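See structure below.
The model shown is predicted, which means the values in this text are computed figures rather than measured ones. Numbering starts at 1 and runs along the sequence shown.
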Amino acid sequence: MRDGFIKVAAVTPKIRVADVPYNETVIAQEILAAAGQGAKVIVLPELCVTGYTCGDLFLQETLLKRAEQGLCRIAETTKEADAIFFVGLPLRHRGKLYNVAAAVNRGKVLGFVPKREIPAYNEFYETRYFTPGMEDVTETEWNGKRPWIGTRQLFCCETLPGLAIAAEICEDLWSPEPPGIRHARNGATILVNLSASNETTGKDIYRRELVNGQSARLLCGYVYASAGDGESTQDLVFSGHNLICENGKILAESQRFTCETICSEIDLSRLETERRRMTSFRMRDDGYCEVPFSLGVEETRLTRRFTPMPFVPESGEDRRKRCDEILTMQAYGLKKRLEHTGCTSVVVGISGGLDSTLALLVTVRAFDLLGIPHENIRAVTMPGFGTTDRTYDNAVKLIHALGAGFKEVSIREAVTVHFHDIGQEMSVHDVTYENAQARERTQILMDIANQTGGLVIGTGDLSELALGWATYNGDHISMYAVNGSVPKTLVRHLVQYYADTCGDAALKQVLLDVLDTPVSPELLPPEDGKISQKTEDIVGPYELHDFFLYHMLRQGFPPRKIFRLAREAFAGRYGDDVILKWQKIFYRRFFSQQFKRSCLPDGPKVGSVAVSPRGDLRMPSDACAAVWLRELEEEDAVSEG
């Protein structure tokens, strides 16, 4: 349970309708099996002790009494399991019958949560037997004890702060005001739903959207367990459609028409972070009864998958949609700026690299939206001491393929004069040598913009801004930065998407070669005509830095947890020592380079992570990274030990 992860399970036992002795045995076996897999929260279907489809047998004293005895035996049989489980049964209380979820931990029944919304339409006629559940919690008589009954219950783990579970039953979720809303606003981080939802065509799609949407809306984990084919009788067919969701993401889903157990790990710390961040998620105090229970504290073995590229959709179709959407957002942002300023021309520096290529593609889209000819785009190539033939040729070909206005201004002579003026030796390839070139290029772009009454389009991306990999008052500055919230891992896919969809063979060929070129600022002389300065050799792999950036800013995770997730995501690609090395560099650079982000130019926000000082990141420029780095040093010591 380190780092806030808790393993949960949704279980569909293959029961027999009304055969309680058989069902209690099967249920106990399934609970023990799930606990054996490490599950700490286990959810079973609605009324599974008896079967949901018992009909008028619910009016029989024999069935009701045997169901209560069955729960006793299930609790006794599973008392050694280190878990809390929720199982459905009919329960008599003060002369009425309730459809309840029993919460059980270490052989003890902690409480009963009654179903609030009792359906009586179409194939459902539960009001014939069951009374709608009460919200206020009261005691009930059961097996010589007096456990709680009522919907306003939170089952709170004493050994894992942050684990607070609330239950609802089937129709409760489908109603206009699900009790889960109140549960979450009173502190529940995991909602469990015991369901007996029969199948009709297309219902699974709606059910999936409903469960996952509720987990997103309530910033919670949601465990949904539904009745399987053992319930199928007369006119109804059940499929055992189980779901585990977390804040709008499906972590696990069963195959329908099977009696399957699914498991995954819900990240409680992520949910708590999201709730703190979302100021519109307001907590309430409606007088819930907090029922304590305990679980053993142990390492949770992770089975859920963590994508190594959180900014990039894994599905090809989703990725294509995302790329088109982002290109459109970038273009429309620039379109508005051009309309507002009355500019009909722009200036873009083209290096033959990924970022400037994307900026030019976005600018072309914006000009097409406005009906402005492409030749009004002043695309400037500025070869310097580190420019290679490959990048220069690609820059020229790209500009011509897109029909932009071409201009070449070599910076070699101007920078050489500047070095003479400030006493910089040409043979000293230090930071002054590099940054003087970047600032000269920016000066050229700004001056051409003044000549033409245009705007300078910035090309730097989100990953570079996070690492401070930009020259202050050089490529760091522009009049509108179209790539400022696009991470490097996504830039590559945007250019690839454009290449795949442009329908121009010559343009596609250029774009593919740009994609194949190593990322470099090209500020140092080439070696044997090839790029000598590769960015990722200096600051580290962008895929790692984008991973660190996403989980730090979007999820608010601490360094130790990010390291753990990176080990999972990049297993077999990077060793622990490599991940730790670049993660330390990430924190050092991220904190030390905030002063550059504090004065960024405008640019469109396209994703959930951005570093604009006017929007997502209000961070002091003089903050220290010591606490974050110390945590990584401790992790490093543990790894070495």
Where does the angle between the aromatic ring planes of [X] and [Y] fall among parallel (under 30°), tilted (30 to 60°) and perpendicular (over 60°)?
X      : Y      : value
Phe590 : Phe586 : parallel
Phe591 : Tyr587 : tilted
Phe406 : His400 : tilted

Output yes when [X] and [Y] qualify as a salt bridge under the 4.0 Å nitrogen-oxygen rule, no when they do not.
X      : Y      : answer
Arg319 : Glu314 : no
Glu464 : Arg589 : no
Arg304 : Asp267 : no
Asp500 : Arg320 : no

Is atom [atom1] of [X] surrounded by more than 12 heavy atoms (other residues, nucleotides or ligands) closer than 6.0 Å?
X      : atom1 : result
Glu317 : CD    : yes
Gln509 : CD    : no
Asp430 : CG    : yes

Can you tell me if [X] uses its side chain to pair, donor with acceptor, with the backbone of [Y] under 3.5 Å?
X      : Y      : result
Thr300 : Phe5   : yes
Thr189 : Leu268 : no
Glu635 : Arg560 : no
Arg185 : Arg282 : yes
Thr489 : Glu543 : no

[X] NZ/CZ over [Y] ring centroid, <6.0 Å and within 45° of normal:
X      : Y      : result
Lys596 : Tyr472 : no
Arg492 : Tyr497 : no
Lys335 : Tyr332 : no
Lys488 : Phe311 : no

Smallest separation among heavy atoms of Gln330 and Val482, with atom names:
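Scanning both residues, the minimum pair turns out to be NE2-O, 2.9 Å.
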Atom of Ser215, atom of Tyr222 and distance for their closest heavy-atom approach
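Heavy-atom minimum between the residues: CB-CB, 4.0 Å.
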Can you list the residues that meet the side-chain hydrogen bond (donor to acceptor under 3.5 Å, both in side chains) rule with Arg275, with sequence neighbours excluded?
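For Arg275, no residue satisfies side-chain hydrogen bond (donor to acceptor under 3.5 Å, both in side chains) once neighbours in sequence are set aside.
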